[in-house]
Every structure is written in structure tokens, then in C-alpha cells.
Amino acid sequence: MSTPVRLDKYLADMGIGTRSEVKTYIRKGRVKINGIIVKEPDIKINTISSEVYFDNEPIVYETVEYYMLNKPAGVVSATVDNHCETVVELIKSGRNKDLFPVGRLDKDTEGLLLITNDGDLAHRLLSPKKHVPKVYYARIKGMVTKEDVETFRSGIQLDEDFITLPARLDILEAGDISDIKVTIYEGKFHQVKRMFEAVSKEVLYLKRLSMGELYLDESLAPGEYRKLTEYELNKLKGNE
Ligand code: URA
């Protein structure tokens with residue numbers, strides 16, 4: 001069952017323009033419903049069965065949005081901030097209805113960040129009980145060793161009352177500066193940086209590659225984003 005929505009609201013909700021702008025577009029004949037030009041802004045639309053076109057482009061009524069952002073360094077993982085640009089401000093969908101980032105990456109961290117207004121999905125992905133794996137690539141100051149791999153595997157005490165779950169550390173290249181991949185199952189504040197601090201090493205660069213079944217699309221440059229595909233969304237929701 002879908003509640004009927006006025007045509008001007010339908011188009012405004014989908015980011016086509018403000019309510020008064022879309023009224024003008026409708027009156028000018030730029031909108032079709034089920035193949036017929038409609039000029040009445042107050043006509044009621046069935047959001048599921050009606051096929052709405054604006055300038056011959058189909059406009060599907062979606063109230064939940066899912067974006068994959070390749071977070072750039074220098075932007076904060078928040079919805080609003082008094083001083084810095086936020087990850088939500090990078091999404092220029094025209095709607096931006098209640099979008100928020102699912103979890104946080106540090107200001108200097110890059111990589112995969114899911115931006116959505118689906119509170120239920122966010123809740124499931126962030127639940128500490130779910131142990132959703134997060135994979136990071138990092139460049140580390142110093143030689144990462146097999147002992148570090150063992151330490152990460154045994155769990156690291158970060159706080160008086162917090163020991164990390166066993167984490168997987170893969171050394172991609174060891175040297176004065178080492179390249180690694182690490183998989184963690186929680187999302188504590190500065191977790192990867194603090195885990196390396198615990199083995200007396202410094203993270204020089206950090207990038208998230210995946211979160212659960214969602215993998216960063218490497219064709220996205222830092223700062224770029226795209227909608228999740230149906231396939232990605234189903235995977236993330238555990239339907240495939
Ligand atoms: N661990 C960190 O230290 N920083 C991040 O941004 C993410 C994980």
C-alpha cells in the first residue's frame with residue numbers, strides 16, 4: 001500500500017526543484033504520468049504504480065537513499081559542523097533528506113563511508129553485537145613484523161576494560177614504511193591507530209576498503225560518491 005502524494009510534492013521530494021519551481025515545470029508540460037502530459041500540480045500520484053517522467057527521465061519515488069562515498073581527507077564524519085566541511089555536505093543529491101554517515105572515519109582517514117537515511121540498516125551495521133568486519137589499508141611508519149600479526153590476532157588491550165577482538169593483519173610490504181591490510185570487528189574511536197600505537201608504530205595513512213559486504217568502488221576518486229546498486233544493497237542487508 002502506498003499513500004498517494006501530490007505531484008508537486010512527489011517531484012520536490014525527489015529533488016527536482018522547490019515546490020514552486022516544480023509547479024512551474026508541471027504547468028509548462030514537462031511532466032508525464034503513464035505517458036500522458038499532466039499540467040495539474042495537485043493531482044494525486046500512486047508512488048508505486050504511477051510512472052512519472054520529468055523531461056522524459058523516469059523519476060522513481062524513493063524515500064530511503066544509500067550512497068557510497070570515497071571520503072577524502074580533511075572532511076569530518078558528521079551531518080553538520082561549525083568549522084569543517086562534512087561528509088553529508090559532499091552529497092549533492094538535491095534531496096539530502098536526513099542523511100547521515102554510518103559510523104565515523106577520522107578527519108584524516110579516506111575511503112568507504114556509507115551515507116544514508118535508513119536508520120534501521122545503520123543500526124544493524126553499527127551494532128557491537130554484529131561484529132561487522134571492516135577492512136582498512138594503511139601505510140605504517142616502521143617495519144611491521146610477524147610478531148605484530150600475532151599481537152593483532154591475540155587481541156590488544158586498548159582501554160582498562162576493552163580488549164579488541166582478534167584482528168587480521170596482512171603485511172603487503174614490510175620496510176621502513178610498511179603497507180598493510182587490517183580487518184577489525186569493532187569500531188572504537190581511533191581503533192586502528194591505537195592498535196598500531198600499542199605495537200609502537202604510527203599510522204601515516206589510513207583508508208577503509210570495506211564494511212561487511214560493501215566494498216569501496218575504486219573508480220571513485222576521494223570526494224566522489226554514487227548510489228548503491230540494488231545488488232550492493234541486498235548484500236548489505238543480508239538478502240543474497
Ligand atoms: N581506525 C582509526 O584509527 N581511524 C579511523 O578513521 C578508522 C578506524
Side-chain angles (χ1 to χ4, degrees), residues 67-81 83-91 99-116 121-145 148-149 151-172 177-218 220-225 236:
Y67 298 96
M68 170 191 296
L69 169 71
N70 184 356
K71 180 191 170 296
V75 173
V76 293
S77 296
T79 48
V80 281
D81 188 274
H83 307 288
C84 285
E85 190 173 22
T86 71
V87 290
V88 168
E89 286 162 355
L90 294 176
I91 311 291
L99 292 178
F100 60 87
V102 178
R104 284 167 187 274
L105 293 176
D106 296 337
K107 191 173 171 188
D108 60 355
T109 300
E110 294 187 355
L112 177 69
L113 195 57
L114 174 64
I115 314 271
T116 184
L121 179 65
H123 188 72
R124 270 181 275 136
L125 288 170
L126 296 175
S127 161
K129 287 187 207 129
K130 289 274 161 75
H131 302 153
V132 172
K134 287 141 210 134
V135 181
Y136 293 84
Y137 162 81
R139 206 165 300 136
I140 307 296
K141 190 168 172 189
M143 173 85 78
V144 177
T145 61
D148 296 334
V149 173
T151 308
F152 275 53
R153 188 180 294 145
S154 341
I156 296 178
Q157 181 129 25
L158 290 185
D159 288 325
E160 218 172 289
D161 55 357
F162 181 73
I163 301 175
T164 65
L165 286 170
R168 179 185 168 130
L169 177 56
D170 292 303
I171 303 172
L172 305 176
I177 305 246
S178 304
D179 287 343
I180 64 95
K181 254 192 206 180
V182 62
T183 308
I184 60 173
Y185 297 87
E186 306 108 332
K188 291 280 172 190
F189 187 57
H190 294 332
Q191 183 162 336
V192 174
K193 290 174 185 162
R194 288 162 69 207
M195 289 171 81
F196 277 99
E197 249 168 54
V199 292
S200 307
K201 288 177 184 104
E202 188 191 343
V203 174
L204 299 175
Y205 172 80
L206 188 61
K207 175 180 178 179
R208 183 152 66 191
L209 304 176
S210 66
M211 180 176 189
E213 290 296 323
L214 187 63
Y215 297 85
L216 178 66
D217 177 341
E218 292 286 350
L220 295 173
E224 289 184 344
Y225 63 91
L236 203 56

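Atoms within each ligand, like the ligands themselves, are counted from 1 in listed order.
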Closest heavy-atom pair, L209 versus L112, reported as atoms and distance to 0.1 Å, is O-CD2, 4.1 Å
In Å and rounded to the nearest 0.5 Å, what is the CZ to OH distance from R208 to Y136?
4.0 Å
D81: side chain to side chain contact (heavy atoms under 4.5 Å, CB included) partners, not counting sequence neighbours:
V76, H83, C84, T86
Set of residues that line ligand 1, where lining means a heavy atom lies under 4.0 Å from it
L105, D106, T109, Y136, H190, Q191, V192, K193, L206
Quick check: does any side chain N or O of N70 sit under 3.5 Å from a backbone N or O of G111, one acting as donor and the other as acceptor?
yes
Qualifying residues under side chain to side chain contact (heavy atoms under 4.5 Å, CB included), relative to A73, sequence neighbours excluded:
E110
I'd like a table of donor-acceptor pairs (distance under 3.5 Å, sequence neighbours excluded) in which one partner is a side-chain atom from residues 123-131, with atom names and distances.
residue	atom	partner	partner atom	Å
S127	OG	K129	N	3.2
H131	NE2	P128	O	3.4

